[in-house]
There are 2 protein chains.
Amino acid sequence: MADQYPSRSDCPINYALESFGDKWTLLIIRDLMFNAKQSFGELLTSPEKISTNILTDRLKSLEATGIISREVCADNRSKCVYSLTAKGRDLLPIMLEITQWSARHYKDVSTPAAFLKRLDEDKAGVIRQIKAMWDDQQKP
Amino acid sequence: MADQYPSRSDCPINYALESFGDKWTLLIIRDLMFNAKQSFGELLTSPEKISTNILTDRLKSLEATGIISREVCADNRSKCVYSLTAKGRDLLPIMLEITQWSARHYKDVSTPAAFLKRLDEDKAGVIRQIKAMWDDQQKP
DNA sequence: CTGTATCCTTAGGGATACTG
DNA sequence: CAGTATCCCTAAGGATACAG
């Protein structure tokens, strides 16, 4: 974030890093993608405890790079719904590979009963996500 | 890196972020994986211009988390060779997905003739890498 | 050449108060 | 509740000098 432009290089890996290569952005994407969160308050409740100013900043960056969209609720003006755009949903394969890599190697540092539980939750989210993409394709 | 422990959460995405979720680590992995670099000096030459203190720090972190290994040259004591461990090579699918995501969306921000060239270079590297993994499997 | 160490600036980010 | 703004501190990191 922040230093979106100018880019340090035109490398694809570097482009990705400049899009979501910080300690928080991918966690927000995770929550939108797998944990069915869509409001500011819901995003605040993650175990990693993001603070309000950082969340505001990252949501703006993500919107600026076209990874999420923000919609004001019709019924409640002071309520917003955040959701992944097509570009954001397209991060799914990356998220899956990362999850699987961690599943393969997390044991190196600790034994994670809770982690396996988490992974199961993520898998449930993946199904939800894939269904959403499928639904999306059914639209005109 | 830095804050390796304690971890913010036991989420797999968070584990990955704490392993390589900063602005530089993935670039080093890229160079080891796709660009056939293996020495400190070679790693310094990337277009993103990493500085020596940061490179030193990240190489140590990567070694600590078991993603790379460091070997002192037998013939030249003041020369080291850095290479990916199995855990590091296992990042290949993530790297490929990231590269492909960027290839699909980089146009959103600029038109990248040089980028396509880079991508071609990466593809060549991928072939090299896959061959290396294959060779690895042939060993006892 | 392979790093390490130091100096110094800026960005990241926690805590918290505040507004609609 | 949904954010914004401020205060302040720490970590990230650039530049550069230096050591083996």
Side-chain angles (χ1 to χ4, degrees), chain A residues 1-9 14 17-28 31-32 36-65 68-83, chain B residues 1-9 14 17-28 31-32 36-65 68-83:
Chain A
M1 333 300 53
D3 62 316
Q4 256 153 221
Y5 310 107
S7 163
R8 294 182 297 179
S9 78
N14 187 58
L17 286 174
E18 289 178 358
S19 300
F20 52 81
D22 72 289
K23 292 281 185 200
W24 293 109
T25 300
L26 230 44
L27 298 177
I28 296 171
D31 287 339
L32 293 172
K37 299 189 179 184
Q38 34 185 20
S39 70
F40 192 87
E42 286 168 348
L43 290 168
L44 271 182
T45 65
S46 304
E48 294 88 6
K49 292 285 160 212
I50 192 169
S51 59
T52 56
N53 53 341
I54 305 296
L55 181 55
T56 299
D57 179 79
R58 294 307 188 276
L59 287 172
K60 280 191 182 139
S61 295
L62 282 166
E63 201 187 353
T65 53
I68 69 170
S69 64
R70 166 208 184 103
E71 235 175 313
V72 180
C73 263
D75 53 331
N76 182 350
R77 283 303 175 70
S78 71
K79 169 116 187 171
C80 283
V81 169
Y82 298 95
S83 60
Chain B
M1 324 314 60
D3 63 315
Q4 257 152 219
Y5 311 107
S7 162
R8 294 181 296 182
S9 79
N14 187 57
L17 286 175
E18 288 177 359
S19 300
F20 53 80
D22 71 289
K23 293 282 186 199
W24 292 108
T25 300
L26 231 44
L27 298 177
I28 296 171
D31 286 339
L32 293 172
K37 300 190 179 184
Q38 34 184 20
S39 70
F40 192 88
E42 286 167 349
L43 291 168
L44 271 181
T45 65
S46 303
E48 294 87 5
K49 291 285 159 213
I50 192 170
S51 59
T52 58
N53 54 342
I54 304 297
L55 181 55
T56 298
D57 179 79
R58 295 306 188 277
L59 288 173
K60 280 190 182 142
S61 295
L62 282 167
E63 202 187 352
T65 53
I68 69 169
S69 64
R70 166 209 184 103
E71 236 176 312
V72 180
C73 263
D75 53 330
N76 183 351
R77 283 302 175 70
S78 71
K79 170 115 187 174
C80 283
V81 169
Y82 299 95
S83 61

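Chain letters run A, B, ... following the sequence lines, proteins first, then strands; residues in each count from 1. Predicted model, so just to flag it, every value in this text is computed and none were measured.
Each of K79(B) and I50(A) lies near DNA chain C, and the nucleotide nearest K79(B) is the one positioned closer to the 5' end. Ranked by how close their nearest DNA chain D nucleotide is to the 5' end, N53(A) and V81(A) are led by V81(A).
We find the CG-CZ distance between L43(A) and R58(A) to be 13.5 Å, quoted to the nearest 0.5 Å. Atom CG of residue L17(A) and atom OG1 of residue T25(A) lie 11.0 Å apart, to the nearest 0.5 angstrom. The distance from atom CG of D22(B) to atom CG of D57(B), rounded to the nearest 0.5 Å, is 8.5 Å.
For the pair K49(A) NZ and dT16(C) P, the interatomic distance rounds to 14 Å; values are reported in whole Å. Distance, D57(A) CG to dT6(D) P: 15 Å, rounded to whole Å. Straight-line distance from the NZ atom of K23(B) to the P atom of dG14(D): 12 Å, rounded to whole Å. Atoms CD1 (I28(A)) and C1' (dG3(D)) sit 14 Å apart, rounded to a whole Å. At whole-Å resolution of the value, CG in L55(A) and C1' in dG12(C) are 15 Å apart. Distance CG (L62(B)) to P (dG3(C)): 14 Å, rounded to an integer number of Å. A straight line from CG of L44(B) to P of dG3(C) spans 10 Å, rounded to a whole angstrom. Taking atom CD of Q38(A) as the reference point, atom P of dA2(D) lies 11 Å away to the nearest angstrom.
The base of dT2(C) lies outside donor-acceptor range of the side chain of T56(B), with no N or O pair under 3.5 Å. Side-chain atoms of T52(B) come within donor-acceptor range of the base of dT4(C), with a qualifying N/O pair under 3.5 Å. For D22(A) and dG12(C), a side-chain-to-base donor-acceptor distance below 3.5 Å is absent, hydrogens and geometry of angles not being considered.
Phosphate contact (OP1/OP2 of dG3(C), side-chain N/O of K60(B), threshold under 4.0 Å): absent. At the phosphate of dT2(C), neither OP1 nor OP2 sits under 4.0 Å from any side-chain N or O atom of R70(B). Between R58(A) and the phosphate of dG13(C), there is a side-chain N or O to OP1/OP2 separation shorter than 4.0 Å. For W24(A) and dG12(C), the shortest distance from a side-chain N or O to OP1 or OP2 is not below 4.0 Å.
Between the E18(B) side chain and the R8(B) main chain, a donor and an acceptor come within less than 3.5 Å of each other.
Closest contact between the side chain of I54(A) and the listed nucleotides dA12(D), dG14(C), dA2(D) involves dG14(C).
Residues passing the salt bridge (Lys or Arg N to Asp or Glu O under 4.0 Å) test with E42(B), sequence neighbours excluded: none.
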